Amino acid sequence: SLLYSSATGVGIGTVVPYENFEVANAATGGRVIFSDGGQANRYALLFSSPYSGQNYARILAYKYGTGTGGLNLVLNDSGGNVGIGTTSPSYKLDVSGTIKGSYLIASNLTANYVPKHTVAGLANSQIFDNGTVVSIGSALGISNKFEVGNSSYGTIAAFRSVPADG
């Protein structure tokens, strides 16, 4: 039998479960799914533990039998916050540590302004870059490639590119 019961808990694939419920498989890691019972094309939430050759665990929203696999995974959609590395998150996603991403979208920023970090989070800085003009303190540097200015006092200094031959 693959199902074992002991004083410490119930085990599948193990005769000595370390928790109330433990699934173990040395070859592919312990895997548990919660599904809609839809046979070969069922929707499921899959939990998979690390195993030899794979040093990470997985949580997947999945549709079996379609060849497409992954579905959206929603956490805490009825309210509250989600924490990574913290047990007391203060924001919708609160990460204690460094975040790495290939693309960041911050919805409270204005296009073409370089973001800056503030106590409250990301905000617009005074640096404007539209791909052609870079300016500090002004978004009006139309003919200058780089401009330093202040809308109250006008342009403090302007730099123009000059050909190498003068």
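Treat the numbers as computed from the prediction; the structure is a model and nothing was measured.
In the displayed structure, R42 atom CZ is contacted under 6.0 Å by more than 12 heavy atoms of other residues, nucleotides or ligands. Within 6.0 Å of CG in D77 there are more than 12 heavy atoms belonging to other residues, nucleotides or ligands. For F21, the CZ atom sits in a packed shell: over 12 heavy atoms of surrounding residues, nucleotides or ligands are nearer than 6.0 Å. Counted within 6.0 Å of CZ on F47, heavy atoms from surrounding residues, nucleotides or ligands total more than 12; the atom is thus considered enclosed.
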Could you go step by step and tell me if D94 and N81 meet the side-chain contact (heavy atoms from CB on, under 4.5 Å) rule? CA-CA 7 Å; D94 194 339; N81 299 319; 5.9 Å; no
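Put simply, Y56 and L73 are part of two different groups of oily side chains (I, L, V, M, F, W, Y) that touch within less than 4.5 Å, one to the next. Linking ILVMFWY residues whenever their side-chain heavy atoms come closer than 4.5 Å, directly or via other members, leaves V82 and Y91 in distinct clusters.
Separation of atoms CG (L75) and CG (L93) is listed at 9.0 Å; rounding is to 0.5 Å. Here the OG-NZ distance, from S35 to K63, works out to 12.5 Å after rounding to the nearest 0.5 Å. Once rounded to the nearest 0.5 Å, the distance linking OG1 of T28 with OH of Y51 reads 7.0 Å. Note: L71 CG to Y43 OH = 7.0 Å, rounded to the nearest 0.5 Å.
Judged by distance alone, with hydrogens and angles left aside, the side-chain atoms of N124 form a donor-acceptor pair with the main-chain N or O of T110 at under 3.5 Å. Proximity of a side-chain donor or acceptor of S49 to a complementary backbone N or O of A57 within less than 3.5 Å is not detected. Panel note: side chain E22, backbone Y18; a donor-acceptor pair is recorded below 3.5 Å. Here the side chain of S125 pairs a donor or acceptor atom with the backbone of V114 at under 3.5 angstrom. Between the side chain of K92 and the backbone N or O of G80 there is at least one donor-acceptor pair closer than 3.5 Å.
Here the side chains of V23 and N25 are not in contact, with every heavy-atom distance at 4.5 Å or above. In this structure, S6 and P17 have side chains that are in contact, with non-hydrogen atoms separated by less than 4.5 Å.
When the options V32, I33, I59, D36 are evaluated for a side chain to side chain contact (heavy atoms under 4.5 Å, CB included) with L45, the one that passes is I59.
Contact detail for Y64 and A44: the closest heavy-atom pair is CE1-CB, 3.7 Å. Across all non-hydrogen atoms, the minimal contact from T118 to A123 is CG2-CB, 3.9 Å.
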